[in-house]
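Below is one structure, written out as structure tokens; comments come after it.
Nothing fancy with the numbering, it's 1 onward along the sequence.
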Amino acid sequence: MKYVLVTGGVVSGLGKGVTASSIGLLLKSCGLRVTSIKIDPYLNTDAGTMSPFEHGEVFVLDDGGEVDLDLGNYERFLDITLTRENNITTGKIYQSVIDKERKGDYLGKTVQVVPHITDEIQEWIERAAMIPVDGKEGPADVCVIELGGTIGDIESMPFIEALGQFSYRVGTGNFCLVHVSLVPVLSVVGEQKTKPTQHSVRGLRGLGLTPNILACRSTKALDDNVKEKLSQFCHVPAENIVTLYDVPNIWHIPLLLRDQKAHEAILKGLNLLGIAREPDLTEWTARTKNYDMLHDPVKIAMVGKYVGLTDSYLSVLKALLHASVHHRKKLVVEWVEASHLEDITAEEDPNTFKAAWNHLKGADGILVPGGFGDRGVQGKILAAKYARESNVPFLGICLGMQIAVIEYARSVLGLHNANSIEFDPKTSNPCVIFMPEGSKTHMGGTMRLGTRRTYLKVPDCKSAKLYGDATFVDERHRHRYEVNPDMISELEAAGMSFVGRDESGRRMEIVELPSHPFFIGVQFHPEFKSRPGKPSALFSGLIAASCGELDELLNKSSHVSKVVGSEISNGKATYNGHQNGSYFNALNGSLNGVCVNGNGVHH
């Protein structure tokens, strides 16, 4: 096994995740099998209990792991399926060591950070690196490891020490360190400054790690004299110093690395030059150029409660982007803070209220993503009501599906106090209830998580057609509340159709309004399996409906005899989460290239 470690210096937020994913993609394009590991130095066992405002979205894996959003980067870039073992946290490491101490595995020893914590880190890395993630048997050729945080952070020190020991243990030729640093340009003099990177590398070397490659973030390409200076003071060959300068969208990053021969430097450091082929990024390049030339806009209103931090909805944004590019449309996201749609805002801040409704009514389609807590729920209900009554394409995900059901019960059934137990535990008409298997005392890892099967009960519904006439689909879940099965007959009698259910038939997974052009709610999270070359079927449907191409898409999908990525079971097509389309290695990392409007946020 070969290892590539990606670290960061000077400041956080330089794009280590995008860099690590791009390196993985570049190596994969050279014919190598690649896996990834993300190290997060925080004490949480996983990302599941953290607010999106703290750390961005919580990404959910097939096995139910709640992990850092960078693992979503890796899955989309490399088109792989990672496990919870691929996300290492300080909490997991200490918990494992303490469990071993309690069992007596260290009997007679004083348990210390060195060697016990550092040994556990190294063993975890080796164990996770051996897990197949690309659907093939046997381990990958290369494992790309991203160390979260910045060199010098006190919480990273055990990992730095462990990785220093690890690099010595696996030996020269099996370990390559890529250090991502910042080369700022002072606006006063316009000169690229190398001192921050010099200090960062000095700190890294002082901790026992020596970089093989420098990836320098800057506003423009590094001048030759700057590279020479960095080479002299950081002891890195000039040809091993690459610039990650600002680009129109992050699809260009792997191409930047390739054009600067970063793959050759990495392959040389890993003794793989004679084994790997030249990188083949033909399709990636074509798609990047195609995306840069898109001009015809499609506006989607994103109605949520975390719109102040767009990383809270990163996978949803990427799924929208994948689908819009698939339909050759330029995505424009209108951010709508859900609470701004409510009457109380109209009283307190009429201008904000009016602006929010203008954004909503000016959109071609409306999406209500998942979330927790009651803030903004009434605004989301109003958005669903507007979409339903105005025949605007609507997609509700997780909580978005639940509020659509609540709105329908209130407006159509006349149950004005209909609500979710989550928001009103004493409601007399509970449309959404707490799942029986959930825990009311422990929050972490107690939801219904990971890939679950949904059976499509109505063959000619829009969802089934979008999924290529599949009889069932496997999608990822993250919820502890569900639509009340005791109210289903009443809701369906009033015109709502629950077309997708779990294996028991009592848990609702997909709801549609047959009389509406496109009104779909799903309990699962289709965004987690979306890929640029294989966009999520439901997101593709939303974009198609929003730009007047839904009938064409449904006719095409229903006549597809073989869905890419599907399995065939008893002569019936089944679906694993992607819209039919050619393979294309995925993107992620930032919102570059997406027009984002609303609430004063512009990207």
Under 4.5 Å between any side-chain heavy atoms of [X] and [Y], yes or no?
X    : Y    : result
K329 : P297 : no
L456 : E509 : no
E490 : L415 : yes
E407 : K380 : no
T150 : V11  : no
I543 : S546 : no
R478 : F372 : yes
F434 : R480 : yes

Under the 3.5 angstrom rule, does the side chain of [X] hit a backbone N or O of [Y] as a donor-acceptor pair?
X    : Y    : result
N86  : T83  : yes
T90  : L43  : no
Y306 : G56  : no
R452 : L449 : yes
N484 : P430 : yes
N358 : K354 : yes
H516 : A387 : yes
D502 : G505 : yes
W357 : L341 : yes
R217 : L14  : yes

Salt bridge (charged side-chain N to carboxylate O under 4.0 Å, His left out) partner of E75, the single match among K534, K318, R531: R531
First locate atom [atom1] of [X], then atom [atom2] of [Y], and finally report the distance between them rounded to the nearest 0.5 Å.
X    : Y    : atom1 : atom2 : value
N391 : L513 : CG    : CG    : 10.0 Å
L399 : Y481 : CG    : OH    : 11.0 Å
I403 : F423 : CD1   : CZ    : 9.0 Å
R375 : S339 : CZ    : OG    : 6.0 Å
D68  : N44  : CG    : CG    : 11.0 Å
F524 : T451 : CZ    : OG1   : 11.0 Å

Who pairs with [X] by salt bridge (Lys or Arg N to Asp or Glu O under 4.0 Å), at least two apart in sequence or on another chain?
X    : answer
E389 : K385
D486 : R506
E342 : none

Can you tell whether the side chains of [X] and [Y] come within less than 4.0 Å, N to carboxylate O?
X    : Y    : answer
K299 : D364 : no
K361 : E334 : no
K38  : D40  : yes

Trace of the side chain to side chain contact (heavy atoms under 4.5 Å, CB included) decision for Y386 with V392: CA-CA 8 Å; Y386 169 77; V392 177; 4.0 Å; yes
Residue pair H327, E549: steps toward the side chain to side chain contact (heavy atoms under 4.5 Å, CB included) verdict: CA-CA 9 Å; H327 288 278; E549 299 175 0; 3.6 Å; yes
Candidate pair N429 and N417, rule side-chain hydrogen bond (donor to acceptor under 3.5 Å, both in side chains), full reasoning: CA-CA 6 Å; N429 289 295; N417 64 341; 2.7 Å; yes
Which heavy-atom pair separates [X] from [Y] by the least distance, and what is that distance?
X    : Y    : result
A383 : I366 : O-CD1, 4.2 Å
L466 : F518 : CD1-CE1, 3.9 Å
G400 : F394 : O-CZ, 4.0 Å

Pair listing, side chain to side chain donor-acceptor pair (under 3.5 Å) test, anchored in residues 7-18, at least two apart: T7-H179
Derivation of the side-chain hydrogen bond (donor to acceptor under 3.5 Å, both in side chains) call for H479 and R448: CA-CA 5 Å; H479 65 112; R448 184 169 178 251; 3.1 Å; yes
Derivation of the salt bridge (Lys or Arg N to Asp or Glu O under 4.0 Å) call for E492 and K457: CA-CA 13 Å; E492 290 199 317; K457 302 292 186 180; over 6 Å; no
Within 6.0 Å of CZ in R328, more than 12 heavy atoms from elsewhere: no
Ring pair (Phe, Tyr, Trp, His ring centres under 6.0 Å): pairs with one or both residues in residues 528-551, sequence neighbours excluded: F59-F528, H525-F528
Criterion side chain to side chain contact (heavy atoms under 4.5 Å, CB included) on V180 and T19, from CA distance to verdict: CA-CA 8 Å; V180 183; T19 304; 3.9 Å; yes
Step-by-step side-chain hydrogen bond (donor to acceptor under 3.5 Å, both in side chains) determination, Q523 to Q402: CA-CA 8 Å; Q523 188 59 71; Q402 295 171 6; 3.2 Å; yes
Partners passing side-chain hydrogen bond (donor to acceptor under 3.5 Å, both in side chains) against R410 (at least two apart in sequence or in another chain): Q378
D62 vs R476, salt bridge (Lys or Arg N to Asp or Glu O under 4.0 Å): CA-CA, chis, key distance, verdict: CA-CA 6 Å; D62 266 5; R476 298 178 186 179; 2.7 Å; yes
Flag for T352-H340: side-chain donor and acceptor within less than 3.5 Å: no
side-chain hydrogen bond (donor to acceptor under 3.5 Å, both in side chains) between S315 and E57, worked out: CA-CA 8 Å; S315 290; E57 76 167 3; 2.5 Å; yes
Evaluation steps, salt bridge (Lys or Arg N to Asp or Glu O under 4.0 Å), between D46 and K92: CA-CA 8 Å; D46 58 34; K92 285 181 180 179; over 6 Å; no
From CA spacing to verdict: side chain to side chain contact (heavy atoms under 4.5 Å, CB included), Y42, E155: CA-CA 7 Å; Y42 48 68; E155 59 263 33; over 6 Å; no
